[in-house]
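This report refers to the structure that appears directly beneath it.
Both backbone and side-chain heavy atoms feed into the values below; hydrogens, waters and symmetry mates do not. Within every chain, numbering begins at 1; the chains are lettered A, B, ... in the order of the sequence lines, protein sequences first and strands thereafter.
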Protein chains: 2
Amino acid sequence: MSGPMDQRKAAILRAVVDEYVQSAEPVGSSYLARVSGIQVSSATIRNDMNLLEHEGYLTQPHTSAGRIPTDKGYRYYVDTFASEVDDSDVLQFKSVEEFFTKAHGALAEMFSDTSRLLTNMTNYAAVVTGPSPETILIRSVQLVSLDSRRVLLLMVDSKGAVEKKVMELANEISEADLEKVSNMLTRKLRGFPLGSLCEPESTGSPDLDQLCTLTVESLKEFQGESEAVYIEGASKVANAFDAVDTVRRVLATLEQHFLVVSLIRDVLSKGQKVAIGSELGIEPLAECSVVVSPYVVEGEQLGSIGLVGPTRMNYPKVLAAVNLVSTGLGKRLSEG
Amino acid sequence: MSGPMDQRKAAILRAVVDEYVQSAEPVGSSYLARVSGIQVSSATIRNDMNLLEHEGYLTQPHTSAGRIPTDKGYRYYVDTFASEVDDSDVLQFKSVEEFFTKAHGALAEMFSDTSRLLTNMTNYAAVVTGPSPETILIRSVQLVSLDSRRVLLLMVDSKGAVEKKVMELANEISEADLEKVSNMLTRKLRGFPLGSLCEPESTGSPDLDQLCTLTVESLKEFQGESEAVYIEGASKVANAFDAVDTVRRVLATLEQHFLVVSLIRDVLSKGQKVAIGSELGIEPLAECSVVVSPYVVEGEQLGSIGLVGPTRMNYPKVLAAVNLVSTGLGKRLSEG
DNA sequence: CGCTGGCACTCGATAGAATAGAGTGCTAAG
DNA sequence: CTTAGCACTCTATTCTATCGAGTGCCAGCG
């Protein structure tokens with residue numbers, strides 16, 4: 001299938017992608033000969049385009065139309081050209097820095113604001129995933145009495161985020177005992193990740209033991225909840241496609257957060273930053289691409305940010321944006 | 001403009017709405033004469049339709065097409081007929097009850113699950129707003145030391161919800177002082193709504209005073225954050241319209257949460273449950289209707305639920321669903 | 001051997017004309 | 001007040017013709 005990719009063919013492929021991304025119209029050979037700066041005749045370009053089509057990089061919507069890139073074509077483009085700098089974003093760099101120096105507030109806000117930043121920068125739908133449960137360490141555990149039978153469990157994690165849950169007790173427990181258990185659990189569990197909590201040893205009192213068990217159970221439940229996803233700019237999907245049906249399918253898929261999360265995880269686990277169309281392996285997203293990047297806090301990959309747009313996407317710009325924002329977010333979170 | 005609305009004209013208007021809601025096609029007089037059960041000839045229906053058009057209840061997309069309802073037509077329909085029971089939803093009643101007996105977890109989850117329930121029942125986008133700030137009372141205030149200069153503010157409200165915020169301090173403050181301030185503020189502020197917090201009197205120590213002021217400031221900030229909105233089923237908008245442009249406009253508007261919140265508030269403040277098209281006063285939502293209902297907890301209107309769909313909406317069904325879910329949610333929250 | 005101009009061919013997109021038929025408004029009669 | 005009848009309007013559909021962008025291929029040229 002894949003024949004040799006000489007320099008001119010690569011340049012043509014590149015030009016087709018650039019042009020098609022911008023115009024959404026199939027690109028013809030004579031247009032390229034005029035505009036792209038490739039110094040050969042349209043006939044020569046035609047020949048190469050023909051080869052590129054047979055090699056699977058380009059396709060024709062119908063005979064006697066121009067060419068549009070295939071997923072494979074986009075893939076080659078991304079792998080080959082996207083690393084080259086897109087200096088049109090130098091301007092944005094300032095505003096991103098500014099955003100992160102001004103940003104404050106709870107983690108949740110931070111993430112949703114970041115998501116909004118991304119979607120505004122790129123005009124695609126943005127996804128930010130919170131820290132994955134394995135990386136969250138317990139900092140403190142507190143039990144607050146609400147009324148005789150109900151206790152509020154508060155957990156502060158290593159990032160300063162707070163999780164809470166109301167627990168119903170079988171027996172009444174005194175404030176003093178609550179405090180005792182709070183202190184005990186904080187001492188025992190501080191520094192442990194939510195993922196691997198073991199049962200604390202017995203305290204001697206069955207009532208207190210029961211409370212401890214219940215608390216640890218509840219703490220474990222925080223694991224799921226903390227896997228938060230912040231999706232902003234879903235409406236941008238409606239800009240990207242003109243088939244209302246495609247829009248519906250994509251939006252419905254984005255609403256299934258777990259799908260989006262595992263999608264992003266899959267991409268990252270392959271060491272990729274970009275997944276294109278069919279590579280996503282999700283039928284309703286066949287016309288979409290995803291660009292992701294993890295953010296790193298104190299050397300650890302805490303979570304990730306990403307963009308979902310049409311395969312016909314401005315990859316250099318989007319990659320630049322994602323990289324910029326992920327390092328910004330990482331830095332900002334490292335500061336505390 | 002509005003001439004007398006005799007019974008037959010009302011029946012015709014009703015039939016037009018019912019038919020158009022279902023088919024999305026303009027409704028003609030002969031079709032109604034055949035199907036609607038109105039026992040007059042098509043010519044008579046035609047005459048009445050003509051009147052209805054001149055009175056502003058119906059309109060024609062073009063001469064020699066059937067009629068479709070105007071916003072005013074929908075309004076009359078809703079005011080006149082929507083109170084009649086829609087027993088097609090008796091079935092759903094069971095599943096709603098079931099939902100609320102099974103539902104548990106934090107408030108936030110409760111709300112977003114409720115939103116999802118609504119969107120699934122109706123196939124329109126659902127909105128659930130959390131308790132409005134005026135109804136939230138402070139139950140307790142706690143300050144937790146994170147490190148020398150940073151303090152975590154935790155507030156538990158009367159519904160057991162917790163808000164948190166990290167505060168940066170100008171000066172170091174001892175754990176003992178933190179505790180003192182925590183206790184003092186809890187004592188002073190317990191039972192007050194977030195909306196109306198006054199400055200506590202001086203403690204004597206400037207450092208502590210500063211901390212108090214900062215804390216009260218931060219508490220006030222919770223007001224905005226607690227006005228949470230849970231919108232689910234945005235993708236359903238893409239089912240409702242076939243102009244991708246309309247979809248885009250509507251989605252973009254839904255993403256501006258504050259707009260949606262104030263929209264719902266406006267509708268409720270007029271004592272309405274339904275707002276139709278132009279009544280919304282929001283240009284991009286000109287083709288949308290909103291159906292809302294407050295939910296009542298212990299005699300108080302805490303927040304509201306609503307649906308956003310096309311004006312061409314199944315009002316009886318949607319009203320039934322909204323009423324059902326809002327009472328269900330109210331009951332569920334009253335239980336604790 | 002690779003590039004190019006030339007050319008026949010394909011096929012979607014656009015425009016125009018003709019037709020069908022759904023639906024109307026009006027009128028005159030019951 | 002209702003209705004049958006009818007002329008009229010206007011969209012949607014179909015068909016045809018035409019246009020032209022773009023292709024593939026070939027023969028010639030450096």
Using whole Å, what does the distance between atom [atom2] of nucleotide [N] and atom [atom1] of [X] come to?
| X | N | atom1 | atom2 | answer |
| --- | --- | --- | --- | --- |
| B/R8 | D/dC1 | CZ | P | 10 Å |
| A/I12 | D/dT23 | CD1 | P | 11 Å |
| A/L32 | D/dT23 | CG | P | 9 Å |
| A/R67 | C/dC11 | CZ | P | 14 Å |
| A/L52 | D/dG24 | CG | C1' | 15 Å |
| A/N50 | C/dC9 | CG | C1' | 15 Å |
| A/L58 | D/dT23 | CG | C1' | 14 Å |
| A/M49 | D/dA21 | CE | C1' | 13 Å |

(request) Taking the six-membered ring of B/Y124 (Phe, Tyr or Trp), confirm whether the NZ or CZ of B/K236 is under 6.0 Å from its centre and within 45° of its axis. (result) no

How would you label the contact of [X] with the nucleic acid (heavy atoms, under 4.0 Å): base, sugar-phosphate, or nothing?
| X | answer |
| --- | --- |
| B/S42 | nothing |
| A/T63 | sugar-phosphate |
| A/N47 | base |
| A/A43 | base |

(request) Run through A/I282, A/L254, A/T129 and flag the one making a side-chain contact (heavy atoms from CB on, under 4.5 Å) with A/V260. (result) A/L254

(message) Nearest to the A/T44 side chain among C/dC3, D/dT23, C/dT24, which nucleotide is it?
(response) C/dC3

(request) Return the nearest nucleotide to the side chain of B/S30; candidates are C/dC26, C/dT10, C/dG23. (result) C/dG23

(message) If you assign B/H62 and A/Y31 each to the DNA chain D nucleotide with the nearest heavy atom, which residue ends up on the more 5' nucleotide?
(response) B/H62

(request) Kindly say whether B/A234 contributes a backbone atom to a donor-acceptor pair with the side chain of A/E255 at under 3.5 angstrom? (result) yes

(message) Could you check whether the side chain of A/R46 and the base of C/dG6 have a donor-acceptor pair of N or O atoms closer than 3.5 Å, going by distance alone?
(response) yes

(message) Suppose we call a contact any N or O donor and acceptor under 3.5 Å apart; does that hold for the side chain of A/S64 and the base of C/dT10?
(response) yes

(message) Can you confirm whether more than 12 heavy atoms, excluding those of A/Q256, are under 6.0 Å from its CD atom?
(response) yes

(message) Parallel, tilted or perpendicular: which one describes the rings of B/Y315 and B/Y74, with boundaries at 30° and 60°?
(response) tilted

